[in-house]
Amino acid sequence: MSIVNTMSHFKLEATSDGSLFYRIQVKSIESPDDDITVESQWADVEIDYVVYFSRSGNWGYITPPFRGRRKLNHQEHIWFHQHPKNFIKAFDKA
């Protein structure tokens, strides 16, 4: 799998593990705490996952696409430590 190292807002990436392609929305947030509410920014765009990276902490979340507002630490969201190996493990769970 290819990991795109970006902190851009509203970036839609197509990435592949060789045979499968994923449409990923990459978001960065300025909070050191994961007990925050996030809001969908992708409207009618078909995506497979949303990946949030904390700029103030060393963590992130992989989430399914959702509508409206939701807690970032929602039970369906997968937490990871910001290291490529940990991201791959978390993505495999998604």
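In what follows, every heavy atom counts, from backbone to side chain, and hydrogens, waters and symmetry copies are set aside. No experiment lies behind these values; they were computed from the predicted model shown.
The backbone N or O of R23 sits less than 3.5 Å from a side-chain atom of D48, completing a donor-acceptor pair. In terms of modelled atom types and a separation under 3.5 Å, the side chain of T63 and the main chain of H77 share no donor-acceptor contact.
The line from CH2 of W59 to OG of S31 is 5.5 Å long, rounded to the nearest 0.5 Å. Between the CD atom of Q82 and the CZ atom of R55 there is a distance of 11.0 Å, given to the nearest 0.5 Å.
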> Passes side-chain contact (heavy atoms from CB on, under 4.5 Å), V51 versus Q25? Steps please.
Replying inline: CA-CA 6 Å; V51 178; Q25 172 103 46; over 6 Å; no

> After noting the C-alpha distance and the side-chain angles of N73 and W79, does the key distance pass the side-chain contact (heavy atoms from CB on, under 4.5 Å) rule?
Replying inline: CA-CA 8 Å; N73 59 3; W79 184 92; over 6 Å; no

>> Show, in sequence, the C-alpha distance, side-chain angles and deciding distance for I29 and L72, and conclude whether the side-chain contact (heavy atoms from CB on, under 4.5 Å) test is met.
In response: CA-CA 10 Å; I29 53 175; L72 183 58; 3.4 Å; yes

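Partners of D33 under the side-chain hydrogen bond (donor to acceptor under 3.5 Å, both in side chains) rule, at least two apart in sequence or in another chain, do not exist in this structure. Every side-chain contact (heavy atoms from CB on, under 4.5 Å) that R69 has, sequence neighbours left out, goes to T37, E39. Listed by chain and residue number, nothing satisfies the salt bridge (Lys or Arg N to Asp or Glu O under 4.0 Å) test with K89 (two or more places apart in sequence, or in another chain).
Scanning both residues, A90 and I78, for their nearest heavy atoms gives CB-CG2, 3.8 Å. Contact between P32 and S54 at its shortest, heavy atoms only, is CA-OG, 4.4 Å.
Remark: aromatic rings of Y61 and F53 are distant, center separation not under 6.0 Å. Taking the six-membered ring wherever Trp is involved, the centroid distance between the rings of F80 and F91 does not fall below 6.0 Å.
No side-chain donor from either of R67 and S40 sits under 3.5 Å from a side-chain acceptor of the other.
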